[in-house]
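What you are looking at is a predicted structure, and each value in this text was computed from that prediction instead of being measured. The basis for the numbers below is simple: all heavy atoms, side chains too, and nothing from hydrogens, waters or symmetry mates.
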Amino acid sequence: MRQAVAAFFRAKIIAVVGASRDERKYGYKVYRRLKSLGRYTVYPVNPLAEAIDGDQCYKNLAALPRLPDAVIFITPPPRTAAVMREALDLGVRIFWTQPGAESPEVVRLAEEAGAVLVRGRCVLVTDPEEFS
């Protein structure tokens with residue numbers, strides 16, 4: 001798992017699927033945390049939001065201006081699986097599922113694709129410096 005976390009934190013462009021405008025939700029907290037680190041280009045992905053903190057929000061991964069190196073999910077498992085398929089089709093191979101976003105199908109999709117998958121950890125309490 002350590003190598004998977006390190007691979008995620010080496011990414012330069014990260015898409016946050018399930019980013020939220022609601023400051024109380026984890027989708028907002030994860031987006032803000034990754035953005036506040038200052039080391040990533042972070043894109044919020046939520047088909048129901050126009051903007052988050054003044055940043056343009058994107059309806060799906062295909063709408064992003066640049067392909068992400070990694071995708072983090074704060075979504076229900078069926079949505080996670082659907083967007084992971086989209087990401088794999090686009091060539092993304094590094095994923096992080098926040099607690100509650102994972103399912104056996106998501107794990108199977110990542111394994112079959114030979115993708116890196118961080119699971120069972122929360123990015124909000126994981127220090128990227130420990131994995132540099």
message = For K59, is the NZ atom crowded, meaning more than 12 foreign heavy atoms sit under 6.0 Å from it?
response =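 Yes, enclosed.
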
inquiry  = Within the supplied structure, the quantity of interest is the number of heavy atoms (other residues, nucleotides, ligands) at a distance under 6.0 Å from E112 CD; does it exceed 12?
reply    = yes

Checking the side chain of [X] only, and the main-chain atoms of [Y] only, is there a donor and an acceptor separated by less than 3.5 Å?
X	Y	value
T75	A101	no
E50	Q56	no
D53	D55	no
N46	A19	yes
E102	P77	no

Quick check for you: to the nearest 0.5 Å, what is the distance between [X] atom [atom1] and [Y] atom [atom2]?
X	Y	atom1	atom2	answer
T80	R119	OG1	CZ	13.5 Å
Y28	D22	OH	CG	10.0 Å
L109	S103	CG	OG	7.5 Å
R10	R39	CZ	CZ	11.5 Å
M1	F131	CE	CZ	10.0 Å
I52	K35	CD1	NZ	9.5 Å

ask   = Regarding K29 and the six-membered ring of Y26, is the cationic atom NZ or CZ under 6.0 Å from the ring centre and inside 45° of its axis?
value =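 Here K29 passes the 6.0 Å and 45° test against Y26.
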
In this structure, would [X] and [Y] fall into the same cluster of hydrophobic residues linked by side-chain contacts under 4.5 Å?
X	Y	answer
I14	Y43	no
L64	V83	yes
F9	V71	no
L61	F73	yes
I72	V116	yes

query = Where do I13 and Y40 land on the side chain to side chain contact (heavy atoms under 4.5 Å, CB included) test, with the steps shown first?
reply = CA-CA 6 Å; I13 303 169; Y40 309 108; over 6 Å; no

request  = For residues L117 and M84, determine if any side-chain heavy atom of one lies less than 4.5 Å from a side-chain heavy atom of the other.
outcome  =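 L117 vs M84: side chains touch.
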
Side chains of P44 and V16 in contact at under 4.5 Å (non-hydrogen atoms) = no

At their closest point, which heavy atom of [X] faces which heavy atom of [Y], and how far apart are they?
X	Y	result
L90	A62	CD1-N, 4.0 Å
R21	A51	CG-O, 3.3 Å
V106	A81	CG2-N, 3.7 Å
A15	V45	CB-CG2, 4.2 Å

Give every donor-acceptor pair under 3.5 Å between a side-chain atom in residues 91-99 and any protein atom, sequence neighbours left out.
{"unit_1": "R93", "atom_1": "NH1", "unit_2": "L88", "atom_2": "O", "d": "3.0"}
{"unit_1": "W96", "atom_1": "NE1", "unit_2": "Q98", "atom_2": "OE1", "d": "3.1"}
{"unit_1": "W96", "atom_1": "NE1", "unit_2": "R121", "atom_2": "O", "d": "3.0"}
{"unit_1": "T97", "atom_1": "OG1", "unit_2": "V118", "atom_2": "O", "d": "3.4"}
{"unit_1": "Q98", "atom_1": "OE1", "unit_2": "V123", "atom_2": "N", "d": "2.8"}

key: Full working for side chain to side chain contact (heavy atoms under 4.5 Å, CB included) between V5 and T126   = CA-CA 9 Å; V5 174; T126 305; 4.0 Å; yes

